[in-house]
Peer 1: 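This structure is in structure tokens; I'll ask about it shortly.
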Amino acid sequence: MTSVSELLEVAKQAAAAGAKVLSSRDGNALDASNKGAAGDWVTAYDLAAENAVRDVIAAARPGDSITGEEQGTTRPADPTGYRWSIDPLDGTTNFIRNIVYYATSVAVADADGVWLAGVVNAPALGRVYYAARGQGAWLEERGAVIRLDGPLSGRTGQILATGFSYEPGIRSEQAAAFGTLLDGFADVRRLGSAALDLCMVADGTHDAYGERGLNEHDFSAGALIAEEAGCWVRRPRLTSPLDGGPTDDERLDAWTCAASLELSGKFPV
């Protein structure tokens, strides 16, 4: 049986490989194109980073399945039951504009869909967030390793992090409900990377994060990191990519949230 520590080590190596690609960012070589919605971009770096991540996982764990944002699902002939969820570049618009909030996100789940290990490597920030189930959440930054324990309960000036859909109809609904969502918070941040927003609840920068319409690869690693930091976390119950899901309607209806327990009631059911 594979230990969560072994899986975490592979996740760290894979995320580092993707982040190394992102670290070579050249504004003249982005080759950016639109994936459909006006704000949904892909670059040459998304594709190269996903290849780098997949190469590490395939070399270390050839029997595992992989689902990635850009290249879909790879399922071996005799799968182990473990599945990796990859977002090679979470925050592509930030990356294109040279805004530092972007990262490579890598997570792995068992055959029952339980997330076991996750890493979010943000090269422009010099931060690596990681967690393995039952082993806490951690941040490596400037040579230091810090255990994460979530936001400080009851502090004044609480900050909500969120994001908005690329779909105009959904965005209009979000705008109409925004005042209610913000009630009780002093301010709001919209950083453009769900993986990092979740990690920044884990490290206490944000007090809460909630967003509707995320894909699994957006939250898989960050949600585990927040959970292992002791935060209340709500993941969407989405149909697995291995089963052809989720549908757009299923995804757009679902919320991903993380916060201290006292703030858990702030988000729609």
Peer 1: Short question: side chain of E50, backbone of P88 - any donor-acceptor pair under 3.5 Å?
Peer 2: no
Peer 1: Could you tell me the separation between the CE atom of M200 and the CG atom of L148, rounded to the nearest 0.5 Å?
Peer 2: 11.5 Å
Peer 1: List in chain and number order the residues that pass side chain to side chain contact (heavy atoms under 4.5 Å, CB included) with A221, two or more places apart in sequence or in another chain; answer none if no residue qualifies.
Peer 2: S105, A107, V120
Peer 1: Under the salt bridge (charged side-chain N to carboxylate O under 4.0 Å, His left out) criterion, do R235 and E216 qualify, and how do the steps go?
Peer 2: CA-CA 9 Å; R235 294 175 183 82; E216 180 197 85; over 6 Å; no
Peer 1: So how far is it from W41 CH2 to Y166 OH, rounded to the nearest 0.5 Å?
Peer 2: 10.5 Å
Peer 1: To the nearest 0.5 Å, how far apart are NZ in K266 and CG in D207?
Peer 2: 11.0 Å
Peer 1: Give a yes or no answer on whether the side chain of R251 reaches the backbone of G213 with a donor-acceptor pair at less than 3.5 Å.
Peer 2: yes
Peer 1: Hey, is CZ on R190 packed in by over 12 heavy atoms from elsewhere, all under 6.0 Å?
Peer 2: yes
Peer 1: Is the Lys NZ or Arg CZ of R25 less than 6.0 Å from the centre of F95's six-membered ring, within 45° of the axis?
Peer 2: yes
Peer 1: Counting only heavy atoms not in R147, do more than 12 sit closer than 6.0 Å to its CZ atom?
Peer 2: yes
Peer 1: Just so I know, are the side chains of L191 and H206 near enough to count as touching, which here means a heavy-atom distance under 4.5 Å?
Peer 2: yes
Peer 1: Output yes when a side-chain donor or acceptor of R133 lies under 3.5 Å from a complementary backbone atom of W115, and no otherwise.
Peer 2: yes
Peer 1: Does a side chain donor of either D46 or T92 reach within less than 3.5 Å of an acceptor in the other side chain?
Peer 2: yes
Peer 1: Tell me, with the steps shown, if Q135 and S5 meet side chain to side chain donor-acceptor pair (under 3.5 Å).
Peer 2: CA-CA 9 Å; Q135 296 186 4; S5 297; 3.0 Å; yes
Peer 1: Considering non-hydrogen atoms only, spot the tightest contact between A49 and L22 and give its length.
Peer 2: CB-CD2, 4.0 Å
Peer 1: Going by heavy atoms in the side chains, are L181 and L160 under 4.5 Å from each other?
Peer 2: yes
Peer 1: Do the side chain of E228 and the main chain of G136 share a donor and acceptor less than 3.5 angstrom apart?
Peer 2: yes
Peer 1: Quick one: pull up CZ in R127 and CG in D203 and give me the separation to the nearest 0.5 Å.
Peer 2: 6.5 Å
Peer 1: Test D110 against R83 for salt bridge (charged side-chain N to carboxylate O under 4.0 Å, His left out), laying out the working first.
Peer 2: CA-CA 6 Å; D110 65 15; R83 178 172 66 85; over 6 Å; no
Peer 1: Taking everything shown except D187 itself, do over 12 heavy atoms lie less than 6.0 Å from its CG?
Peer 2: yes
Peer 1: Would you check, one step at a time, whether the test side chain to side chain donor-acceptor pair (under 3.5 Å) holds for D90 with S193?
Peer 2: CA-CA 6 Å; D90 187 59; S193 166; 2.6 Å; yes
Peer 1: From S85 OG over to L224 CG, what is the distance, rounded to the nearest 0.5 angstrom?
Peer 2: 12.0 Å
Peer 1: Quick one: does any side-chain atom of T162 pair with a main-chain N or O of G210 as donor and acceptor, under 3.5 Å?
Peer 2: yes
Peer 1: Rounded to the nearest 0.5 Å, what separation is found between the CG atom of L252 and the CD atom of E173?
Peer 2: 9.5 Å
Peer 1: Quick one: name the residues clustered hydrophobically with L242, using the 4.5 Å side-chain heavy-atom rule over I, L, V, M, F, W, Y, and just say none if it's on its own.
Peer 2: none
Peer 1: Write down the atom of A258, the atom of V233, and the distance for their closest heavy-atom approach.
Peer 2: CB-CG2, 4.2 Å
Peer 1: Is the Lys NZ or Arg CZ of R61 less than 6.0 Å from the centre of Y82's six-membered ring, within 45° of the axis?
Peer 2: yes
Peer 1: Apply salt bridge (charged side-chain N to carboxylate O under 4.0 Å, His left out) to K12 and list each qualifying residue two or more places apart in sequence or on a separate chain.
Peer 2: E140
Peer 1: So, the side chain of Y209 versus the backbone of G163: is there a donor-acceptor pair under 3.5 Å, distance only?
Peer 2: no
Peer 1: Are any of the side-chain heavy atoms of I86 and R54 separated by less than 4.5 Å?
Peer 2: yes
Peer 1: Give the C-alpha distance, both sets of side-chain angles, the deciding distance and a yes or no for side chain to side chain contact (heavy atoms under 4.5 Å, CB included) between Q13 and V56.
Peer 2: CA-CA 7 Å; Q13 293 173 10; V56 171; 3.9 Å; yes
Peer 1: For E250 and R237: C-alpha separation, side-chain torsions, deciding distance, then whether salt bridge (charged side-chain N to carboxylate O under 4.0 Å, His left out) applies.
Peer 2: CA-CA 9 Å; E250 181 185 358; R237 295 181 178 179; over 6 Å; no
Peer 1: Checking N215 side chain against H217 main chain: does a donor-acceptor pair fall under 3.5 Å?
Peer 2: no
Peer 1: Decide yes or no for V119 and V128: does some side-chain heavy atom of the first lie under 4.5 Å from some side-chain heavy atom of the second?
Peer 2: yes
Peer 1: Check for a donor-acceptor pair, side chain of E9 on one end and backbone N or O of E6 on the other, with a separation under 3.5 Å.
Peer 2: no
Peer 1: Do D249 and T247 get their side chains close enough for a donor-acceptor pair, meaning under 3.5 Å?
Peer 2: no
Peer 1: Using only atom types and a distance under 3.5 Å, with no angle test, would you say the side chain of D64 pairs donor to acceptor with the backbone of W84?
Peer 2: no
Peer 1: Would you check if the side chain of Q174 reaches a backbone N or O of S165 as a donor-acceptor pair within less than 3.5 Å?
Peer 2: yes
Peer 1: To check you understand the geometry: which heavy-atom pair defines the closest contact between L263 and F185, and what is its length?
Peer 2: CD1-CE2, 4.0 Å
